[in-house]
Amino acid sequence: YTNEVDRLYGVLDSRLAGRDYIAGEYSIADMITWPWVAGHSSAAIQLDVFPNLTDWKARIGAREPVQRALAQAKEIHSAVALNQSSREAEAARKVLFGQRAR
């Protein structure tokens, strides 16, 4: 897994050389990829060896809509953590864990 993540980070780093976003302009590619990179564990792979990826991660994370979404997620997480038996917590659990393909 670590080797594959390292390889994929290298692909992204190369792709981001000379451009701000994966597809040139901000797109769904950035929206889908950013959480995967932003949530990485630094235990095995250091992002600083991928300077284009590191800059891109910061650029996406600084976007106002991303900041609002992160703040809202933190607020929801805090509310759920404080009141695990609430109706809102149950609804959140159903969304997170109860979805099925059928």
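All residue numbers in this chain count up from 1 along the given sequence.
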*Please identify each residue that fulfils side-chain hydrogen bond (donor to acceptor under 3.5 Å, both in side chains) with Arg7, with sequence neighbours left out.*
Glu4
*How long is the gap from CG on Asn52 to CZ on Arg15, to the nearest 0.5 Å?*
12.0 Å
*Identify, with sequence neighbours excluded, every residue that meets side chain to side chain contact (heavy atoms under 4.5 Å, CB included) alongside Ile32.*
Ile28
*With sequence neighbours left out, what residues match Val5 under side chain to side chain contact (heavy atoms under 4.5 Å, CB included)?*
Tyr1, Tyr9, Trp36, Ile45
_Could you check whether any side-chain heavy atom of Ile60 comes within less than 4.5 Å of a side-chain heavy atom of Tyr26, counting everything from C-beta outward?_
yes
_Side-chain heavy atoms nearer than 4.5 Å, only ILVMFWY residues, links allowed to pass through others: does that put Leu8 and Trp34 together?_
yes
_Any Ser27 side-chain heavy atom under 4.5 Å of Ile22 side chain_ = no
*Can you name the side chain to side chain contact (heavy atoms under 4.5 Å, CB included) partners of Ala58, sequence neighbours left out?*
none
_Contact list for residues 54-65, test side chain to side chain donor-acceptor pair (under 3.5 Å), sequence neighbours left out_ = Asp30-Trp56
*What is the minimum heavy-atom distance between Tyr21 and Arg19, and which atoms define it?*
O-CD, 3.0 Å
*asked:* Closer than 3.5 angstrom, by distance alone: can the side chain of Ser14 be matched with the main-chain N or O of Gly10 as a donor-acceptor pair?
replied: yes
